[in-house]
Structure formats: structure tokens, C-alpha cells
Amino acid sequence: MTRQSGYLLPTEKEAPADAEAVSHKLMVRAGLVRQLGAGMWTYLPAGWRAHRRVERIVREEMDAIGGQELLMPVLQPAELWRRTGRYDIDELFKLRDRRDADLVLAMTHEEALTYHVAREVRSYRDLPLILYHFQVKERDEPRPRAGVLRTREFIMKDAYSFDRDAAGLDRSYQLHVEAYDRIFDRSGLEWYRVESDVGMMGGVGAHEYMAPCAAGENEVALSDAGYAANVEIATGQAQAVAGLPEPLGAPEPVDTPDARTIEEVAGLLGVPEGALIKALPVIRDDGRPLLVVVRGDHRVNEIKLRNRLGAPVRQATEEEIRSVFAAPPGFVGPVGARVPVLADEALRGLAGLVAGANEEGRHLRGVEPGRDFDVNWGDVRDVAAGDRCPNGGTIRIEPAIEVGNIFKLGTRYSEPLGARYLDEHGSEHAIWMGSYGIGPARIVAAAVEQTADEHGIAWPRALAPFDIHLVTLGKEGEEARTVADRLYDDLRATGLDVLYDERSASAGEKFADAELLGAPLRLTVGRKGIEAGEVEAQVRRGRERRALPLDGAADAAVELWRALP
RNA sequence: CGGGGCGUGGCGCAGUCUGGUAGCGCACUCGGCUGGGGGCCGAGCGGUCGCUGGUUCAAAUCCAGUCGCCCCGACCA
């Protein structure tokens, strides 16, 4: 029974003043969610319906690859997290119970499940396994934002695979790739599976599923040649610099008083920014200094840099630049540098460049990497739109929201938690693991972002809180009401989820609310239609209307609904 | 963590500079009209002005502290 007069669906004409993202505004306005605090959101009945529709798709596809659903606690002993070295993560909520025991609120469940598997799995005969659950995650986010897109508490479907070896993990991983592809197809989202950084999850490979939308926090590099990667790790061949200065036989000093930034120096010397060498003084994990240089129009990519070096780095302080790098900030350059130089590949083969002279108010021109300074090479820059992708296509960059991720963990968690098994020869091995997450709330929000128009949400059929929004314009006792009542019963008998708007509101109000909430199909029963022997159907996407015969309206509506995206 | 902004009825806002009985629109309630695109008329309900303290005859307004929320950046296992 979903009669709107008694259903908690508090729609608003105006969005909260502090809402920025489209999904944030619309999900609040449509009465799907309400905020309880920073990064804390309540799902109202209609919003929860959409969430559960995602869950259902995910559950079906996880079960289809042999996943077994279970449930683990959010509240966990700190000890587990100490063992895997993750207790010190800032985002991990920590608390104490009345006996002063250290506890955490889980932000993910590798520790808990690996703990159990370590105890229950002893033999190669017990493997492989895919286990998953839908559970609340708690993360002490530095900055929750954009409604339900980045929250401190959210539900995640997290799955974990356990295999005998790397080959088994590859198989489990591939199963998840296929399941996830189906999940996002069925959800009706536009999505990309992109190569991603493994981060501190450790392990040997990772992909993210990205749904492009304006509110996205990530950037993905895409090309028509099928390339898709998070810009965090994307690689490409740089575009050539137009208007490079003539090469010189040797570097030549040039006065550049007060010109410290790339823009200032390029402007002063009348050369393109790409003719400059941008120098980033950094300090490695072990305290060793390093000068990273990229082309002036490029940006250093800290993740690629970290991966190239095998350890994180931080920017040097001004004081360190003066003392360790022996150069005034703003005029640091690789020629004559006292520290090792790591140069980005895009600088290879270039000549006639401009670099800091390590002297106040002075740069060098005619600089040539390799000739004028020793280098180690590495791909350590952000790709830029227009670069050539590894498949030969042209890269474009789009904002996107991460709706799922899959990681090959290897033995990152099984080793510290002692998850081992005996093989058929009686020798012991660590279990090979993978972990696979999906955020249903993000799928919901991404669908809103991707489908919304100026009237509201236009759900993909698979995620809509209601399949059909039936609107009657008749009051109690009028024919338009009794006919609509009958149609409501007929529609429900087909098994579809129908929201029946029998409120005593004006037609305009009901239509506006229906388009805001965004069910794929709206049916309107009014006096005019009845006189013509018709029910009006409006397809939400495109808002096109057509007449259905009053007789057999339910069947006609279902048929129409089935053809919708 | 750095920068910026905001807390006044359910929502959106004015009032704060220059202290003097708290207002507007929407929503809500009641009555009437209207009845295919957020309609009209009338009458109402609803606010410790985030909180605490201070200054003052008097504080939404000035001062101090504190809590909360948003945006940009950093971060995001």
C-alpha cells in the first residue's frame, strides 16, 4: 500500500541553502534523505527503496558468482587493527568501553573476516571462497561533502575472496570484474572500469568503477581507443610544445628578477610555459633530498612519484630548499644541483629549455636534460587532456564518482592475521586474498546526478523507488478517483511498485512532485481523459506524453514501462 | 589541518553595521472558491534569534568563549 497521502515523502520546493551538488539538492528536495549531522544521513522511505534496489542487484550478481552472504560487526577489538598495522589510520574511529578496552568502528572488514577465515579454513579443500556482506562502515572523514556522496557512515557491500595462490586470486578477481560489469550495466549508470592505484591496501592490482558526473571527486582519463584510468596513475605521451626556443651550445644565464612562478618566468622571457623546467624539491621517506623536474606546463603526480620511488615523499620546506638544495625558493633548477634529479619522461629529448639557476633573480636558458645535468627518468606527471593514450587515442579527462573498487590484496592481511592452509602435499601457505567494494548510496547518487534535468530526477528503471507514479486528479467520490483506484489495484496486481498520488492537491503540484521524484513512468487519471476513454502516460525521460486506452490501461502501462531505460 | 562563509518558525531569507516589544515568502491548520502544470480569498498556528557568559535601563543586534553546519584546498587504506 503506497498511497501518497499517508506516505512520508516530504518534498521541498527549495533546496537547502548549503547544498551544492545536484544529487544533494535533489535527494533532499525529493524527500529521499535528510541530514542528521555532518556526513550523517537518514534514508527516508522512498530513498531507502532506491538503496534497496541497488542492494538487490548487487546481491543477485554476487550470489551468481558463488558469493556467500554473512554479517560482521562494526564494533571491533582494536587488537586486530594493530596486528595489520592499520590502527593508526586517522580515519579510523577509536573508542573505549567501560572496562577501558580499546575498540574501533570498522571502516572496512578485511581484519574481521581474515581473522575468522584464519580460524575456520585449514585445508586447500576449503578454498576458494567468496564471502561478502552489506554493512555499515564508519570513517572519520576530514571533510564529508556533497550529501550522500562522501559521508562518515555509509553502507558498503564488501566482498573478500580467499584463494590458494596467485592464479586462484586472478580467477576470483576476474569473476568480480564480470559481476561488477553486470551490476553497473543493470543499474543503468554510465560507468567506466579504470585502472587504479593500489594505495595502502597494498597488493598487486586494482580497478575502480567510475560513474562520470559533475559532482565527482575523482578524475578519470579516457580515450576513444578504450583507455580508461584514474588520473592518479594514468599515463600518456605528452603533446609537443609549440614555439620552443632554439637550442644553445651551453646554458646561458638570464636575469629574471622577481619572476618565481612558471607563469611569471614564461611571460618575462616570452617563451611558452612548456619551455620551462618546473622543479619540485622533495624529501624522501628516509630523509634523502631529491629534485623532481617536469615540463613547465605539467604537474607532478605525487602518487606516480611515490610508486616510482617505492616510498612517499614530502615537499621540502623553504628552509630545506635554502640549506639542502642550496637555492633560493622560486629559482631552483637541475643544472648544478647538489641533489639527485628525477626528470619526467616528457622532458626527454627536449632542448632550449629554461630552468632556475639556483641563484636569486636568475634563470638559465638553453638547458638540455642529460647534457647539462644528470638525470634519472620516470613517468611522474599528471596526464593532460589532449595527450596520447597508450592505445594511441586522445585523452580526455572527466570528473567521476567512484562507485566500486576491486583490489588484489595478495597476502597483505593473511600474513599478519595468520590465515594459512595446508596444500595437498602437507605444506603450509598463506591464503591469497582480494577485496571488492561497492557503495550503493553512491550508485543512487550517481544515478541522480547522471539523469537529472531541471524538473528533478529521472531514475533509471532499475533504481527508481517506484516503477510507476499514478496520479489521480479526482476528489473522493468523483469518477476520476474511482477509476484511478481501480487502476491502482490493477497495476499492483502486475507486481510493479506503484506510488498512488490521491492527495487533495492541485494538478500542478502533483505533476511537479512526480517529476521531482522521478519515477520512470507517470500515469494521470483525470476527468478529461476519462471522457476520452484514455489514461495519460508520461515518460519521465524526455517528458513525452501519450494516451493509453482506459480499458486495459494497466497492461498497456506495464508494456510501456518494460521498454523504458 | 589552512582559507572562506553561515547559524533568526519545517524550508528559503530580511533584520545585526547604527541596541529599544522579531518580520517576509513558501509550507502547515481552518473556512470558502478553484480543479490538467506548484491557483485564489479570508482567518490562524508556529520562533529560548545555536549555546554560555559579559556589557547595558534594555541585546537577534555590542564583547568573549563555545558548539554546529557548508564551501575551497590538503587528505581520502
Side-chain angles (χ1 to χ4, degrees), chain A residues 8 10-21 24-25 28-29 31 34-41 81 84-92 104 106-111 137 139-147 149-152 154 156 158 196-203 206 208 215-218 230 232 302-303 306 312 314-315 401-402 405 407 409 412-413 435 437 439 442 455-456 471-481 484 501 503-516 522-532 534-536 538 543 545 547:
Chain A
L8 182 62
T11 57
E12 299 285 349
K13 274 190 201 174
E14 298 184 85
D18 51 29
E20 229 20 65
H24 183 185
K25 291 179 182 170
V28 171
R29 284 192 55 211
R34 285 296 184 266
Q35 187 170 16
L36 190 62
M40 300 170 342
W41 288 84
W81 292 73
T84 57
R86 296 210 295 179
Y87 185 70
D88 294 323
I89 293 172
D90 289 336
E91 281 74 24
L92 184 65
V104 305
M107 52 192 296
T108 172
H109 281 75
E110 281 83 5
E111 278 80 0
K137 308 295 169 200
R139 294 187 184 178
D140 191 359
E141 288 287 347
R143 185 152 95 83
R145 59 180 291 274
L149 279 183
R150 186 163 209 91
T151 55
R152 293 196 288 182
F154 59 97
M156 180 190 273
D158 42 324
S196 72
D197 184 48
V198 293
M200 291 291 282
M201 290 293 282
E208 288 165 336
E217 308 185 280
N218 295 96
N230 193 317
E232 289 176 351
E302 288 187 28
I303 289 170
R306 184 192 69 205
R314 62 171 174 83
Q315 286 195 24
I401 173 168
E402 180 186 348
N405 57 47
F407 287 97
L409 295 175
R412 162 75 179 81
Y413 296 92
S435 101
R442 284 187 165 188
H455 302 282
V471 174
T472 179
L473 302 178
K475 285 185 296 192
E476 194 81 50
E478 293 180 354
E479 197 186 8
R481 172 63 76 88
D501 188 354
R503 297 174 301 166
S504 60
S506 71
E509 218 167 322
K510 292 183 173 189
F511 293 155
D513 272 351
E515 281 161 19
L516 178 58
R522 186 187 81 202
L523 297 179
T524 305
V525 178
R527 186 170 45 80
K528 289 181 185 172
I530 291 173
E531 283 167 3
E534 292 170 356
V535 170
E536 181 205 284
Q538 186 217 43
R543 299 171 75 232
R545 302 185 210 178

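Quick note on labels: first sequence line is chain A, next is B, and so on, each numbered from 1. If you're wondering where the values come from, they're calculated on a predicted model, not measured in any experiment.
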Asker: Is there a donor-acceptor contact under 3.5 Å from the side chain of A:Q35 to the main chain of A:G37?
Answerer: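 Here the side-chain-to-backbone pair exists.
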
Asker: Across all strands shown, which nucleotide pairs with B:C1 by Watson-Crick or G-U wobble geometry, both distances under 3.5 Å?
Answerer: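 The base-pairing partner of B:C1, which may sit in any strand shown, is B:G73.
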
Asker: Taking B:G35 as the reference, what is the distance to B:G46 when you measure between their P atoms (whole Å, please)?
Answerer: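 Rounded to whole Å, the distance is 34 Å.
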
Asker: Counting distance alone, no hydrogens or angles: does the base of B:G37 have a donor or acceptor under 3.5 Å from a partner atom on the side chain of A:E515?
Answerer: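 Between B:G37 and A:E515, which were checked side chain against base, a qualifying N/O pair under 3.5 Å is present.
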
Asker: Along nucleotides 3-13 of chain B, 5' to 3', which nucleotides get a B, which get an S, and which get a -, given that the test is a protein heavy-atom distance under 4.0 Å?
Answerer: --------SSS

Asker: If the P atom of B:G53 is compared with that of B:G12, how far apart are they to the nearest Å?
Answerer: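 28 Å, rounded to whole Å.
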
Asker: Taking any heavy-atom pair under 4.0 Å as a contact, classify A:D513: base, sugar-phosphate, or nothing.
Answerer: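 The residue A:D513 makes base contact.
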
Asker: Any strand counts, and the cut-off is 3.5 Å on both contacts for Watson-Crick or G-U wobble. Which nucleotide pairs with B:G23?
Answerer: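 The base-pairing partner of B:G23, which may sit in any strand shown, is B:C13.
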
Asker: Considering only side-chain heavy atoms of A:A507, which listed nucleotide, B:C69, B:C75, B:G37, is closest?
Answerer: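 Taking heavy atoms from C-beta onward, the closest nucleotide is B:G37.
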
Asker: Find the distance A:F154:CZ to B:A77:C1' and express it as a whole number of Å.
Answerer: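 Whole-Å distance recorded here is 11 Å.
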
Asker: Excluding sequence neighbours, so at least two apart, what forms side-chain hydrogen bond (donor to acceptor under 3.5 Å, both in side chains) with A:R29?
Answerer: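 Scan of A:R29 (side-chain hydrogen bond (donor to acceptor under 3.5 Å, both in side chains), adjacent residues dropped) gives none.
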
Asker: Tell me which of A:E232 and A:W41 sits closer to the 5' end of RNA chain B, going by the nucleotide each one is nearest to.
Answerer: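 Residue closer to the 5' terminus by nearest nucleotide: A:W41.
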
Asker: In this structure, how many angstroms lie between the C1' atom of B:C76 and the CD atom of A:E402, rounded?
Answerer: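 From A:E402 CD to B:C76 C1': 10 Å.
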
Asker: Between A:R527 and A:E531, is there a side-chain N and carboxylate O pair less than 4.0 Å apart?
Answerer: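 The answer is yes: the pair qualifies as a salt bridge.
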
Asker: At less than 4.0 Å, is any side-chain N or O atom of A:Q35 found next to OP1 or OP2 of B:C70? Yes or no.
Answerer: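 The answer is yes; a side-chain N or O of A:Q35 sits under 4.0 Å from OP1 or OP2.
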
Asker: Could you work out the separation of B:C41 and B:G20 based on their C1' atoms and round it to a whole Å?
Answerer: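 Their C1' atoms lie roughly 37 Å apart.
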
Asker: For a quick check of understanding: with a heavy-atom distance under 4.0 Å over all strands, which category does A:A480 fall into, base, sugar-phosphate or nothing?
Answerer: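 Nothing, no heavy atom under 4.0 Å.
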
Asker: Rounding to a whole Å, what distance do you find between A:R150:CZ and B:C75:P?
Answerer: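 Between P of B:C75 and CZ of A:R150: 12 Å.
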
Asker: Which whole-number value in Å describes the distance from A:R545 CZ to B:G37 C1'?
Answerer: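 So the CZ-C1' distance, A:R545 to B:G37, works out to 8 Å.
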
Asker: Starting at atom CD of A:E141, determine the distance to atom C1' of B:C75, rounded to an integer number of angstrom.
Answerer: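 So the CD-C1' distance, A:E141 to B:C75, works out to 9 Å.
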
Asker: Can any side-chain N or O of A:R139 pair as donor or acceptor with the backbone N or O of A:M107 at less than 3.5 Å?
Answerer: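 Confirmed, A:R139 side chain pairs with A:M107 backbone.
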
Asker: What integer number of Å spans the C1' atoms of B:G19 and B:C49?
Answerer: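 After rounding to an integer number of Å, I get 14 Å for this pair.
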
Asker: Can you tell me how far P in B:G9 sits from the matching atom in B:G3, rounded to whole Å?
Answerer: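 Nearest-Å result for B:G9 against B:G3 at atom P: 30 Å.
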
Asker: Mind checking A:A512 for me? I need base, sugar-phosphate or nothing, with any heavy atom below 4.0 Å counting as a touch.
Answerer: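 Since a base atom lies under 4.0 Å of A:A512, the category is base.
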
Asker: Please answer whether the main-chain N or O of A:V28 pairs with a side-chain N or O of A:R34 as donor and acceptor at a distance below 3.5 Å.
Answerer: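 Here the side-chain-to-backbone pair exists.
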
Asker: B:C67 and B:G31: how far apart are their C1' atoms, nearest whole angstrom?
Answerer: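 The answer is 45 Å between these two C1' atoms.
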
Asker: From the set B:C71, B:C76, B:G38, return the single nucleotide nearest to any side-chain atom of A:S506.
Answerer: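 Nucleotide nearest to A:S506's side chain: B:G38.
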
Asker: So, are A:E20 and A:R145 salt-bridged, with charged N and O less than 4.0 Å apart?
Answerer: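 Salt bridge between A:E20 and A:R145, a charged N being under 4.0 Å from a carboxylate O: no.
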
Asker: Taking 4.0 angstrom as the limit, do A:K137 and A:E91 come out as a salt bridge?
Answerer: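 Answer for the salt bridge query: no.
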
Asker: Which whole-number value in Å describes the distance from A:D501 CG to B:G38 P?
Answerer: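 To the nearest whole Å, that distance equals 15 Å.
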
Asker: Any carboxylate oxygen within less than 4.0 angstrom of a Lys/Arg side-chain nitrogen, looking at A:E110 and A:R86?
Answerer: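 Salt bridge flag = yes for A:R86 with A:E110.
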
Asker: With rounding to the closest Å, how many angstrom separate the P atoms on B:G39 and B:G47?
Answerer: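 Here B:G39 and B:G47 have their P atoms 26 Å from each other.
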
Asker: Please pick, from B:G37, B:A77, B:C71, the nucleotide with the shortest atom-to-atom distance to any side-chain atom of A:R522.
Answerer: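 Between B:G37, B:A77, B:C71, the one nearest the side chain of A:R522 would be B:G37.
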
Asker: Please compare A:D90 and A:R543 by the position of their nearest nucleotide in RNA chain B and report the one closer to 5'.
Answerer: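 Result of the comparison: A:R543.
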
Asker: Is B:G47 paired to anything, Watson-Crick or G-U wobble with both distances less than 3.5 Å, and if yes, which nucleotide?
Answerer: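 No nucleotide pairs with B:G47.
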
Asker: Can you tell me the Watson-Crick or wobble partner of B:G7, both distances under 3.5 angstrom?
Answerer: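 Matched B:G7 with B:C67 under the 3.5 Å cut-off.
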
Asker: Between B:C70 and B:C62, how many Å separate the two P atoms, rounded to a whole number?
Answerer: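 My reading of the P atoms in B:C70 and B:C62 gives 25 Å.
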
Asker: Name the nucleic acid region contacted by A:R29, choosing base, sugar-phosphate or nothing; use a 4.0 angstrom heavy-atom cut-off, strictly under.
Answerer: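 A:R29: base contact, heavy atoms under 4.0 Å.
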
Asker: Separation of A:R527 atom CZ from B:G37 atom P, in whole Å?
Answerer: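 That distance rounds to 12 Å.
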
Asker: Would you kindly give the CZ-to-P distance between A:R143 and B:C70, to the nearest whole Å?
Answerer: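 Computing the A:R143:CZ to B:C70:P distance gives 9 Å.
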
Asker: Looking for any heavy atom pair under 4.0 Å, which part of the strands does A:R145 touch: base, sugar-phosphate only, or nothing?
Answerer: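 If one applies the 4.0 Å heavy-atom cut-off, A:R145 turns out to touch the sugar-phosphate alone, with no base involved.
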
Asker: If you look at every strand shown and take non-hydrogen atoms under 4.0 Å, does A:G529 touch a base, only sugar-phosphate, or nothing?
Answerer: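 A:G529: base contact, heavy atoms under 4.0 Å.
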
Asker: Does A:R503 have any side-chain hydrogen bond (donor to acceptor under 3.5 Å, both in side chains) partners at least two apart in sequence or in another chain, and if so, which?
Answerer: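 For A:R503 the side-chain hydrogen bond (donor to acceptor under 3.5 Å, both in side chains) partners, ignoring immediate neighbours, are A:D501, A:D513.
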
Asker: Indicate, with a heavy-atom threshold strictly under 4.0 Å, whether A:K475 touches base, sugar-phosphate, or nothing.
Answerer: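 The residue A:K475 makes base contact.
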
Asker: Among B:A74, B:C76, B:A27, which nucleotide has an atom closest to any side-chain atom of A:P142?
Answerer: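 Comparing B:A74, B:C76, B:A27 against the side chain of A:P142, the answer is B:A74.
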
Asker: Between A:A514 and A:R522, which heavy-atom pair has the shortest distance, and what is it?
Answerer: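 So the two residues come closest at CB-CD, 3.7 Å.
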
